[in-house]
Each structure stands twice: as structure tokens, then as C-alpha cells.
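Because the structure is predicted, anything quoted here is derived from the model rather than measured.
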Amino acid sequence: MDVRRRPPKPPGHTIAVPPNHHQHSLHRKNSSSAGDRCIPSPTPKASDALPLPLYLTNGIFFTLFFAVAYYLLHRWRDKIRTSTPLHVLTLSELAAIISLIASFIYLLGFFGIGFVQSFIARASNEAWDDDVVVDADRFLLQEDRRLVPCPAAAIDCAVPPVSKMMDPPPLPVISSEEDEEIVKSVVSGSVPSYSLESKLGDCHRAASIRREAVQRLTGRSLVGMPLDGFDYDSILGQCCEMPVGYVQIPVGIVGPLLLNGCEYSVPMATTEGCLVASTNRGCKAIYASAGATSIVLRDGMTRAPVVRFPTAKKASELKFFMEDPANFDTLSVVFNKSSRFARLQGIQCSIAGKNLYMRFSCSTGDAMGMNMVSKGVQNVLEFLQNDFSDMDVIGISGNFCSDKKPSAVNWIEGRGKSVVCEAIISEEVVRNVLKTTVPALVELNVLKNLAGSAVAGSLGGFNAHAANIVSAVFIATGQDPAQNIESSHCITMMEAVNDGKDLHISVTMPSIEVGTVGGGTQLASQSACLNLLGVKGASKESPGSNSRLLASIVAGSVLAGELSLMSAISAGQLVKSHMKYNRSSRDVSKMVS
């Protein structure tokens, strides 16, 4: 297949942010053993030329400097007392002045040159970086102007053959004998891998040593997984344990998504071809039809502990106590002391024999709120044991929450943010942008999203591919990807309106679980994506408004994705588009060899 440059797209086209092209385009050959790697020779130092050890040389010049300075000051004081001219020097005074100057020059060179060289090196690096940026910009500009077919075959345009590729940079090696000993200790098991950060005090060094230990233990290489270029301190104790590198996922931008009168450029991290392009087409159709409207119906995170009593009668007594409105204020005071943002909204109880499940729901500000609601629940359980001493707390979570699992309670009652989003797509846009018709879309939605999902026994899955968009936005913005399960609960509705000419489309999502503070949202890339949407961090003016806006944007993006995919299926374009955009033209067998 010939690879040709497409002409420039109108505003609202898809923009892809690729990973580091140096790491993406270079491939390494696996080395047969760790000993085959080349270790660069150490950089020569100025102290190597000294005839004496460095500490001894420094001591001599320090002593000389202060001794001659004291001697000269003492001599000049005597000359002033005896009215002797200061410029009249004896041989010993002349030698002292020369020694003072020599020691001063040495000390200046020892302490000052490294400081000056740091500025020189930084200036040279900045100049080099500027040259690289200029060259890269020039290359991109030239590429953008190239409207003719590639001179070589498609595989040559995408990735050069292995035999023509440049030699890759050397693998990171253990930089010192001390690190080598630590690697051996980890391999032998005498030093636990999880303790490297605390023992070394350097998270990047710990990741490098752990990575090398893993390669030696498994006999397999981690070439291709980058190590450098990541702030490992930022994930310590909150995002990931025992890191050995990081995985690169490209981020595409769809939009503008016109939602509630505002335009948003939505980041989507995905490796599925067509997903960004398809969602972008949906955004274009919504924009051309005056935009979409989104409403947050509920906002409350849940946690449901399970407790056990000796009898079902005892369990029912606590159930009646928890559901009595007269006790709610007391329980709220106990619950709310866990956080200045946590506010208890309600408690729903369910009994299974002598076991009681209590589903607490509370507001959590701009945080997703799982830890916040768990602390509040723990406070209430400790309070209840004063009056219900025979209550046995089995678990802080009894799956009546329900977290990271499809469940009817989330589908019906909601969890996190419950959002509905709608738009009216004009007949002209359906025909010209989506390449289908309103009656065809309505019929397909009934037979596929409603009847088809019912035949499959789906729970919350009355949609085409809401999970695709939710997962991509979640990964880009630092949300918990596992919560895509309940966050993708969605029912897509389509109906012909305005005498059958236009299409009314809506998505109802009862449990979108998102936050703009905490967890992965504080990482640099994810924080940048949140900043792009204007929801970075916590809202000081209206706590919780940033997370609610993010949930609305997720629902609006799902609306765009549903609209475009359903149109592609209706028009018979799904297979064609995936064959064009979602299949690699590379020869995998040659790449592996």
C-alpha cells in the first residue's frame, strides 16, 4: 500500500502526541550476558595529576594560606607601630606574599572552577538543545510540506529494515562496584527488592538496580522499556511499588468538544487505532449541531463494610438503628470528622442471614474519595461497637460498595458521579458528516445496544463501546483504570425528533468515578492532561466542581464516540476503517528476527 501525506485538516482534527522518537525508533539486540556490555571509561579528573593525595594537598594549602596571612598581618602591624613604610619588604615577607598568592590561586581553582564550569556546561547544553529543537522544527515543517508519495515502500517509510538501522545507544550499566554488589545481594535474596528506595535514598538508582536484578534473575531483557526520563520520587509511597521503568502510551487529542457552551480538547491515551479518529468525528458532528448538554445527577462515593452478629435478630437491630433518621445526625458527626471534605449523604443496609452490609455514601470534594470514605466508615464502626459490643467487623469492604466490579447496585443507585449527556444532531450533519441516516441509526441502536445487550444478559452495557473512551480518558488523566468497569456502565438512547428529521442521542452513566487530586493525577503527564481540560487540582471556590466537570467531559466524549461508531456500523464502514487505520504495515516476522 502506498503511503501518502494527507492534505491539512480543518480545525478540530486529531492531534497525536508520540512518545520519545529516539526511544521509539531505535531497537536493540539482546546481549548474551551482562558481561558483554561495554562499560565506559571513567572521566579523567584534574586531581589525578596531583603528586600527593587530594586530602593531603588540600591540607597543605589551607595551612599555608592561613599561616602566611597571619604572618603578614602581624608584620604589617609592627611596621605601622614603628612607622616603617609598608612597601619596604624583607626576603621573608616577599616569600610570604608569593606563598599567599599561590595558595589563593590553588584554593580558587579547587572550589571555583567546578562552579564556573557548571555554568559553562549548562550554557553549552542549552545551546545544543536549541540546535536540536531548531533542526526538529525544520524537519517537521519540511515533512508537513511534502505532499508527494514516499519514494520507498510503505515499510521503509514507517520503520527502516533492521540491517539499515542505526546502532542503538548502549544499555544503562551499573555505574559503580557498590551498585554491582547491591545487584548481587538482590539476586541472592539477602537484600529485599522492595527495600532499595529506603536503603539507598535515591529512587532512580533503586529502579536501575532492581531492573538489572530482574534481568539477571529471569534471564530476559527489558530492552525497549525506558528507565530514564521519569520522576520516580513522585510515585514513591503512592502510585507504584518496586518500579523498573515505565510504559509509553501515545496520547491523542479529540475536539473541540462543545459541551454546555464551552469547548474542550480531550486527551485520550490509547493504542487502539481508529479510536481517537472516530471520537473526533463524533465531536465534529456535535459541534456542527450546536453542541451537547451534560448534567450531573448525583455525586457520592460509597463504601460498604460487612459485619457479623451472633443472630439475624441482632443484625436487624443494627439495620433499624442505621436507617432511623433520628440517628443520622449523630452518625454524620462521627463520619465527617475524618476529612473537611467528607460529608455523609446516606446509609443503605442489606442483610444476608446474620451478616449486615451497610453502604455509606458521601461527598468527597475533588478527590475520587475511596480513602476518604473508608476513613469515615472506620470512625463509624468504632463508634457503633460501644453500643453493639457483639458486632464482629469482618471487612471494611463487603462488595456491596461495589468497587471495580459490574454490579446492579451501581447501575441502579449510582456511585461516584451520575451523569446524563444529550445532543440533537441535525439531519444534514447525519448525512454529510456521519454518512448515514437518522432512521438507520435509531433502528441499529434498538437492535444492538438495547435488544442485543439484553439477549447477552449485559449489566450496564447497553452501549456500543463506552469503555473504550472511558479507559482512554482515564489513563490520560491519571484515574484508576480498573474503575473503568463500573464507570463504563452506560445506556445509549437514540430517537428521531423534529418530525423524524433530526436525531436525539443521549448517554446515561450512573457511576463515573473520577477525581482531580490524589493518586495518578499528580504525575507530570497526567497533570498536564488535566490542565488542558481546565480541571487540574482542587477547586478553591467550589470544592468538587473540577471532578464533576471532568465527569461531564467523560460523558460528552462517550457521547461522541457512541455517535461515530454507531454511524460507522450503520453505514457499513467499520471493517473498512479498521483495516485502513488499525492494522500495522510492518513485517512482524522481520522485526522479531
Given 3.5 Å as the limit, does a donor-acceptor pair link the side chain of [X] with the main chain of [Y], or not?
X    : Y    : value
R359 : I347 : no
N463 : C490 : yes
N327 : F321 : yes
E513 : Q479 : no
N410 : S402 : yes
E272 : T270 : no
D366 : S547 : yes
E495 : V442 : no

With a 3.5 Å cut-off and no angle check, do the side chains of [X] and [Y] form a donor-acceptor pair?
X    : Y    : result
N498 : H504 : no
S453 : S458 : no
T492 : E562 : yes

Any idea how Y246 and F230 line up, ring-wise: parallel (<30°), tilted (30 to 60°), or perpendicular (>60°)?
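Parallel: the ring planes of Y246 and F230 meet at under 30°.
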Please state whether the rings of F360 and F335 are parallel, tilted or perpendicular, taking 30° and 60° as the class boundaries.
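Ring orientation, 0 to 90° scale: parallel.
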Look at atom [atom1] of [X] and say whether more than 12 heavy atoms of other residues, nucleotides or ligands are closer to it than 6.0 Å.
X    : atom1 : value
Q238 : CD    : yes
D499 : CG    : no
E323 : CD    : yes
K501 : NZ    : no
N336 : CG    : yes
E241 : CD    : no

Test C421 against L259 for side chain to side chain contact (heavy atoms under 4.5 Å, CB included), laying out the working first.
CA-CA 9 Å; C421 186; L259 183 67; 3.9 Å; yes
To check you understand the geometry: which heavy-atom pair defines the closest contact between [X] and [Y], and what is its length?
X    : Y    : result
S289 : V429 : OG-CG2, 3.6 Å
G519 : C239 : O-SG, 3.6 Å
M372 : S363 : SD-O, 4.5 Å
S567 : R281 : CB-NH2, 3.7 Å

Is there side-chain contact between M493 and T508, with at least one heavy-atom pair below 4.5 Å?
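Answer no - side chains too far apart.
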With sequence neighbours left out, what residues match E197 under salt bridge (charged side-chain N to carboxylate O under 4.0 Å, His left out)?
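Salt bridge (charged side-chain N to carboxylate O under 4.0 Å, His left out) check on E197 returns R210.
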Using the salt bridge (charged side-chain N to carboxylate O under 4.0 Å, His left out) criterion, which residues pair with D480? Sequence neighbours excluded.
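Testing D480 for salt bridge (charged side-chain N to carboxylate O under 4.0 Å, His left out), a comparison that skips the adjacent residues, returns K404.
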Looking at OG of S397 and CZ of R303, how far apart are the two atoms once the value is rounded to the nearest 0.5 Å?
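CZ of R303 is found 4.0 Å from OG of S397.
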